[in-house]
There are 2 protein chains.
Amino acid sequence: MGPEEFRAAGHELIDWIADYRARIPELPVQARVGPGEVAGKLPGNAPEEAEPFSRLLADLEAIVVPGVTQVQHPRYFGWFPANATLSSALGELASAGLGALGITWQSAPALTEVEEVVVEWLRELTALPESWKGVIQDTASTACLVALLAARERATDYSEVRGGLQAVGAPLTVYTTEHAHSSVMKAVALAGYGRDNLRLVAVDPVTYAMRPDALAKALDEDVEAGRRPAAVVVNVGTTGTTAVDPLAEIVPLAQRYGMWVHVDAAMAGSALLLPEMRWLVDGVAGADSLNWNPHKWLGTLGDCSLLYVADPAHLIRVMSTNPSYLRSAVDGEVTQYKDWGIPLGRRFRALKLWFQLRLDGVEAIRARLRRDLDNARWLAGQVEAAPGWRVLAPVVLQTVVLRHEPAGLDADGLDAHTLAWADRINASGAALVTPSLLDGAWSVRVSIGAENTERADVEQLWRLLQTAVEVAEAG
Amino acid sequence: MGPEEFRAAGHELIDWIADYRARIPELPVQARVGPGEVAGKLPGNAPEEAEPFSRLLADLEAIVVPGVTQVQHPRYFGWFPANATLSSALGELASAGLGALGITWQSAPALTEVEEVVVEWLRELTALPESWKGVIQDTASTACLVALLAARERATDYSEVRGGLQAVGAPLTVYTTEHAHSSVMKAVALAGYGRDNLRLVAVDPVTYAMRPDALAKALDEDVEAGRRPAAVVVNVGTTGTTAVDPLAEIVPLAQRYGMWVHVDAAMAGSALLLPEMRWLVDGVAGADSLNWNPHKWLGTLGDCSLLYVADPAHLIRVMSTNPSYLRSAVDGEVTQYKDWGIPLGRRFRALKLWFQLRLDGVEAIRARLRRDLDNARWLAGQVEAAPGWRVLAPVVLQTVVLRHEPAGLDADGLDAHTLAWADRINASGAALVTPSLLDGAWSVRVSIGAENTERADVEQLWRLLQTAVEVAEAG
């Protein structure tokens, strides 16, 4: 495809996207297709001959749109805010248009340096320590794996360049809570620690936050038994309830054993743009790494996950390679992001952040985050005041975990009731919420923070919740 | 930014991209900025207030374009073809516009099922075994790590769910050659095998391909010493010379010890669309995984790396997580790509491939690949026929490794001469080639295959090479 064909098709696609975004509020939030339905509409082979763009656009409309859950919908309250601001979408388009190659500084100096600059902008905006350096990863899962690999190599004095983890004697142990994201257990498994060496430290029964006394006890027991504590993953805003582990109390315990402290603030990190929310990471200066995802609440189109580290030289030593075909005369003077994570090549992802911050401005982003925090408090207030309803966890961010608890139901009956009314709302297409297990029972998470969710949408959700349980009870 | 602002800015950006792509041939291929030059042009803080789109566009033009090496230039012969076809750029734009969330099948069924379909299209187009299943990863580095993690877990009967690699007794060993991509050694290190347990098997001095007899000997020695061969990475088209390890001879040796066979065809995989090139992977039915990057020669905008596996159930078992908030009623009936790699969330990357294959058509893509193979053979013929010049490795794909070897230079002098004339070409902006070490001496790689590289561009390169050495000799 040449530039002129691209120009014609590109204009059509821009109009299609603008129209699509404008009509999202009229679409059902949850996709209504069954397994295999989308695939069944596609041919079994790639076409030998080129097709006209109009056919692609028609398939986008007829097959793809009905096949995605509309997470940009104002009444999307599902998993987590997965905002894809149109300002950042323009940045992605610019990246696609440039088609730059991000394998070394030399292959695209601007790709590296714009990333350095915007990552530093966001460090300053979130008040992380001035000496910390950041890098864009794809997701929090990868960032956590990178952190636990860095922790493993620090604890073993770079076993990777010798006999590997398999040659290490005393088993290394990792600590977090049962409320950690599933990616933490996955990272522990993939990094080779083994799930038996992951300690799920007890949490406070009300806040679901890690208990420092329980961590201290677990550390003592492991050290006593000859194991070597290597890392603790501190959850700032858990997926289930947005619980906040007490970082300031965890850091001194970790330092006693030279452990790596990784802060997982994947969703909550956006809140650090608000000075009044920085208590979330009190004590962060004593941590080793922190990760958060602008591709969630902040609204940068995915993938855009930020990993900050206190000691970049260590990360580079763990990750670096230096083949002859990638060497250049300026190697000592520039940042080589290939040595800051797993992939060698990277996209020009920094443009998404650059465009979003400049086209939207920080002030408007802060106002939106505060709007969402207010909306969550408002909803929690309504729920708490309504008979039969309960808020199940402190509302410290934009998530409200709730349950309708009619009298006379046993545990199984209550679970069935909860899943039934949540499913009714989701199937209606009017809103989307996420059922989730808490203390072994089903609850419903209402995660507020879609870009276009206003108070009126939350009010409508609250009416939907009340209607749904009435219908469920009647049924 | 609302849909109407996006529409206006989007049209401007589409025009800018079309104009930019059209004038790439007039730009210097290699970026001419020095370290820190791009960063120095950017403000130290993110803006509080929104900026007009015109300012972004002006900065793209003035700061970003001069700051990237133009790998879409017709005389880009550097690292490897890093094509970013405009058809696939439209797919990326569609993905950005949709802003879908790829965490489970349920969050965006079409995101999963379009990926399943296009990955199967490409399996069929490359004639990989019918029972194999594929998944899009970000890069070959990640794909290799995933393969070596899968190998590790197969060799240890899923040590990850018990004591981890650190509890495994006999050391696991991995085999490849010194010509493997640097990401292989990195994956060995990160997966915890340890670099001491990576065997660089001897290669044939002419073809640079792995010698099966040397592999057999290394395996025997390791087993004799109580080590456990876990995996072999077979290089199909090495980065340095596009050497092709003899897969069909390696597979039976690997099967003798139950080893995982991973085929790294990152660049060369595109050639498998041509029936006459399928000899590259003779014996692949006995392998366990194969990776290739449509984001290289095929021309899909990065990131788009395909990993195919013979046994997806094993990969899923290694990678799976199942938190309550991601469960759904259809879990048993659908593909959950979160369990096929490291990241939980994924972008709608399949759209890039879907758009490219449909808008360009397979026939035209095959013709382009054949054009590049022809051009490489033509250049190799010219070089071989010219006094003082030498082709240093068999030209089996689109890469020509060459050197100008004037009489009377010792090894150091020859290295200096090579680096000088390569640097002269690159600094001129007229073309880009990559110096690379081969057998301890500097050579120059000419990697043909940019989307717009025609015979005339290769002819011009050949004139540039001849002029550059004359100037270097005169200087």
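A, B, ... follow the sequence lines: proteins, then strands. Residue 1 opens every chain. When reading the values below, keep in mind they use all heavy atoms of this one structure, side chains included, and skip hydrogens, waters and symmetry mates.
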- Heavy-atom pair of closest approach, residues B:Gly163 and A:Asn197: O-ND2, 3.2 Å
- Message: Quick check on A:Leu301 against chain B: is it the side chain, the backbone, both or neither that has a heavy atom closer than 4.5 Å?
- Response: side chain
- Under 4.5 Å from a heavy atom of chain A, the part of B:Val71 involved: side chain
- Query: Considering only heavy atoms, which portion of B:Phe355 lies under 4.5 Å from any heavy atom of chain A: side chain, backbone, both, or neither?
  - Reply: both
- Of the backbone (N, CA, C, O) and the side chain (C-beta and beyond), which part of A:Gln30 lies under 4.5 Å from a heavy atom of chain B, both, or neither? side chain
- Query: If you measure from OG on B:Ser159 to CD on A:Gln166, what distance do you get to the nearest 0.5 Å?
  - Reply: 9.5 Å
- Between A:Pro43 and B:Trp121, is any pair of side-chain heavy atoms under 4.5 Å apart? yes
- Query: Is chain A contacted by the side chain of B:Val334, its backbone, both, or neither, given a heavy-atom distance below 4.5 Å?
  - Reply: side chain
- Task: Under 4.5 Å heavy-atom distance to chain B, tell me which part of A:Arg346 shows up: side chain, backbone, both or neither.
- Result: neither
- Measure distances from B:Arg162 to the heavy atoms of chain A and classify the residue's part below 4.5 Å as side chain, backbone, both or neither. both
- Part of B:Thr139 lying under 4.5 Å from any heavy atom of chain A: side chain
- A:Glu51 side chain to B:Gly361 backbone, donor-acceptor under 3.5 Å: no
- Under 4.5 Å to a heavy atom of chain B? For A:Thr85 that would be neither
- Query: Distance from A:Arg152 atom CZ to B:Leu165 atom CG, nearest 0.5 Å?
  - Reply: 8.0 Å
- Task: Check salt bridge (Lys or Arg N to Asp or Glu O under 4.0 Å) between A:Glu4 and all other residues, then give those that pass, not counting sequence neighbours.
- Result: A:Arg7
- Top of A:Ser88, A:Ala84, A:Gly10, A:Ala187 for chain B proximity - count of heavy-atom pairs under 4.5 angstrom: A:Gly10
- Here the gap from B:Phe6 atom CZ to A:Ile14 atom CD1, rounded to the nearest 0.5 Å, amounts to 4.0 Å
- Considering only heavy atoms, which portion of B:Ala191 lies under 4.5 Å from any heavy atom of chain A: side chain, backbone, both, or neither? backbone
- Task: Return the set of residues passing ring-ring contact (aromatic ring centres under 6.0 Å, His included) with A:Phe53 (not counting sequence neighbours), or none when no residue passes.
- Result: none
- Message: So which residue, A:Ala108, A:Ala364, A:Ser107, A:Pro52, ends up with the most heavy-atom pairs under 4.5 Å with chain B?
- Response: A:Ser107
- Item | A:Arg21 portion near chain B, given a 4.5 angstrom heavy-atom threshold | both
- Note on the structure: Cut-off 4.5 Å, heavy atoms of chain B, and the answer for A:Leu98 is both
- Contact origin within A:Lys41 toward chain B - heavy atom pairs under 4.5 Å: neither
- Under 4.5 Å from a heavy atom of chain A, the part of B:Val117 involved: side chain
- Query: Given that the side chain runs from C-beta out, which part of B:Met319 has a heavy atom under 4.5 Å from chain A: side chain, backbone, both or neither?
  - Reply: both
- Query: Under a 4.5 Å heavy-atom cut-off, does chain A meet the side chain of B:Glu120, its backbone, both or neither?
  - Reply: neither
- Checked A:Pro35, A:Gly164, A:Gly34 vs chain B; the most non-hydrogen pairs under 4.5 Å come from A:Pro35
- Answer with side chain, backbone, both or neither: which region of B:Val318 has an atom nearer than 4.5 Å to a non-hydrogen atom of chain A? both
- Check: B:Leu86 and A:Glu5 side chains under 4.5 Å, non-hydrogen atoms: no
- Item | Selection from A:Gln106, A:Gln70, A:Glu116, A:Met185 maximising heavy-atom pairs under 4.5 Å formed with chain B | A:Gln106
- Query: Out of curiosity, B:Glu48 CD to A:Leu357 CG, how far, rounded to the nearest 0.5 Å?
  - Reply: 10.5 Å
- Could you tell me which portion of A:Ile342 (side chain, backbone, both or neither) has an atom closer than 4.5 angstrom to a non-hydrogen atom of chain B? both
- Note on the structure: Counting heavy-atom pairs under 4.5 angstrom with chain B, the leader among A:Thr156, A:Thr112, A:Val118, A:Leu190 is A:Leu190
- CA sep, side-chain torsions, deciding dist, call: B:Val38, A:Val114, side chain to side chain contact (heavy atoms under 4.5 Å, CB included): CA-CA 7 Å; B:Val38 170; A:Val114 174; 4.2 Å; yes
- Between B:Lys338, B:Arg195, B:Gln137, the one whose heavy-atom pairs under 4.5 Å with chain A are most numerous: B:Arg195
- Item | Proximity breakdown for A:Tyr193 and chain B, heavy-atom pairs closer than 4.5 Å | both
- Query: Side chain, backbone, both or neither: which part of A:Thr321 has a heavy atom under 4.5 Å from chain B?
  - Reply: side chain
- Item | Contact class of A:Phe348 relative to chain B, heavy atoms under 4.5 angstrom | side chain
- Task: Report the C-alpha distance between A:His295 and B:Arg347 in whole Å, list the side-chain angles of each, state the deciding distance to 0.1 Å, and finish with yes or no for side chain to side chain contact (heavy atoms under 4.5 Å, CB included).
- Result: CA-CA 11 Å; A:His295 69 220; B:Arg347 285 158 48 242; over 6 Å; no
- Message: Measuring from atom CG of B:Leu93 to atom CG of A:Leu93, what distance do you get when rounded to the nearest 0.5 angstrom?
- Response: 5.0 Å
- Message: Does any backbone or side-chain atom of B:Pro66 lie under 4.5 Å from a heavy atom of chain A? Answer side chain, backbone, both or neither.
- Response: neither
- Query: Could you walk me through whether A:Val33 and B:Glu113 pass the side chain to side chain contact (heavy atoms under 4.5 Å, CB included) check?
  - Reply: CA-CA 11 Å; A:Val33 297; B:Glu113 296 193 5; over 6 Å; no
- Message: Working note: A:Arg358 + B:Glu49, criterion side chain to side chain contact (heavy atoms under 4.5 Å, CB included); need CA distance, chi angles, decisive distance, verdict.
- Response: CA-CA 8 Å; A:Arg358 294 183 63 183; B:Glu49 304 283 338; over 6 Å; no
- One option among B:Ala167, B:Ser305, B:Gly99 has the most heavy-atom pairs under 4.5 Å with chain A, and it is B:Gly99
- Message: With a 3.5 Å distance limit and no angle check, can you tell me whether B:Ser141 reaches the backbone of A:Leu344 through a side-chain donor-acceptor pair?
- Response: yes
- Query: Using non-hydrogen atoms only, which part of B:Asp423 is less than 4.5 Å away from chain A: side chain, backbone, both, or neither?
  - Reply: neither
- Query: Measuring heavy-atom distances to chain B, does A:Asp138 have an atom under 4.5 Å in its side chain, in its backbone, in both, or in neither?
  - Reply: side chain
- Interatomic spacing from NZ in B:Lys186 to OG in A:Ser320 - rounded to 0.5 Å: 8.0 Å
- Does A:Trp16 reach the main-chain N or O of B:Ala94 with its side chain, forming a donor-acceptor pair under 3.5 Å? no
- Item | B:Leu90, part contacting chain A, at a heavy-atom distance under 4.5 Å | both
- Query: Measuring heavy-atom distances to chain B, does A:Ile103 have an atom under 4.5 Å in its side chain, in its backbone, in both, or in neither?
  - Reply: side chain
- Query: Tell me, side chain or backbone of A:Leu125 under 4.5 Å from chain B's heavy atoms, or both, or neither?
  - Reply: side chain
- Query: Between B:Leu145, B:Val65, B:Asp19, which has the largest tally of heavy atom pairs under 4.5 Å with chain A?
  - Reply: B:Asp19
- Item | Greatest number of heavy atom pairs closer than 4.5 Å to chain A - which of B:Thr69, B:Ile63, B:Leu60 | B:Thr69
- Contacting region of B:Leu42 [heavy-atom separation from chain A under 4.5 Å]: side chain
